[in-house]
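Since the structure comes first, as structure tokens, the remarks are kept for the end.
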Amino acid sequence: MARLILLNKPYDVLSQFTDAKSPTPRATLSAYVAVPGVYPAGRLDRDSEGLMLLTDDGRLQARIADPKFKLPKTYLIQVEGDPDDAALAPLRAGVLLKDGMTLPAEVERIDDPSLWPRDPPVRFRKSVPDGWISLTIREGRNRQVRRMTAAVGFPTLRLVRWRIGEWTIAGLAPGEMREVLV
């Protein structure tokens, strides 16, 4: 049986186990995952939080991370501004980025999801409102979600990956992990 670990990756943590080449030490997965022989199935930017999947099975890792399998990934995103349904329509159609058109996304406005506090906190500005959206994509380009929200005029302030396929971080605090059967 393959091992599959769900980790709620905290903000400011690299999605790798070592950072030996950095002149200044940065937090890595090794501070949170003490399970030998598992590797990340995909990446999550240092300035993003949420679900990372780790496995010891190369086939499972490829099925999770490879865009050709198109596993849906759902993000909870705090954006600058207060988008209405019309403002989100371009995301549903696909957005033109420098590296080409994105696939259509599933997107909706959501109420504040009452997540754990982020350290450091998201900057607050009285004169600029913010809102939350849920966005589901089936591809995984570099910093794609941030580029998509910026392209439609709502820059990302906080990005939390909530779900990949059937797996979610519901019930996991930042830095916590749980092993599931696959």
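Side chains included, hydrogens not; waters and symmetry mates left out as well; all remaining heavy atoms used. Heads up: numbering here begins at 1 and tracks the sequence.
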Across all chains, not counting sequence neighbours, the side-chain contact (heavy atoms from CB on, under 4.5 Å) partners of Arg26 are Leu14, Asp19, Ser22, Arg46

Salt-bridge test for Lys9 and Asp45: reply yes if a basic N is under 4.0 Å from a carboxylate O, no otherwise.
-> no

State plainly whether the residues Asp66 and Arg59 are in salt-bridge range, i.e. N to O under 4.0 Å.
-> no

Please lay out, stage by stage, how Thr136 and Lys73 fare under the test side chain to side chain contact (heavy atoms under 4.5 Å, CB included).
-> CA-CA 5 Å; Thr136 301; Lys73 295 176 274 307; over 6 Å; no

Heavy-atom pair of closest approach, residues Tyr32 and Met177 | O-SD, 3.8 Å

Hey, are Arg109 and Asp85 close enough for a salt bridge, meaning a charged N less than 4.0 Å from a carboxylate O?
-> no

Of all residues at least two apart in sequence or in a different chain, which pass the side-chain contact (heavy atoms from CB on, under 4.5 Å) check with Ala151?
-> Val95, Leu97

Does the side chain of Arg146 pick up a donor-acceptor pair with the side chain of Ser48 at under 3.5 Å?
-> yes

Can you sort out the partners of Arg63 under side-chain hydrogen bond (donor to acceptor under 3.5 Å, both in side chains), two or more places apart, ordered by chain and number?
-> none

By side-chain contact (heavy atoms from CB on, under 4.5 Å) - contacts of Pro40 (at least two apart) = Phe17, Leu29, Met52, Leu54

Should Glu106 and Arg92 count as an ion pair when the cut-off is N to O under 4.0 Å?
-> no

Pairs in or reaching into residues 155-164: which pass salt bridge (Lys or Arg N to Asp or Glu O under 4.0 Å), with residues at least two apart or in two chains?
-> Glu49-Arg158

List in chain and number order the residues that pass side-chain contact (heavy atoms from CB on, under 4.5 Å) with Leu103, two or more places apart in sequence or in another chain; answer none if no residue qualifies.
-> Lys70, Glu139

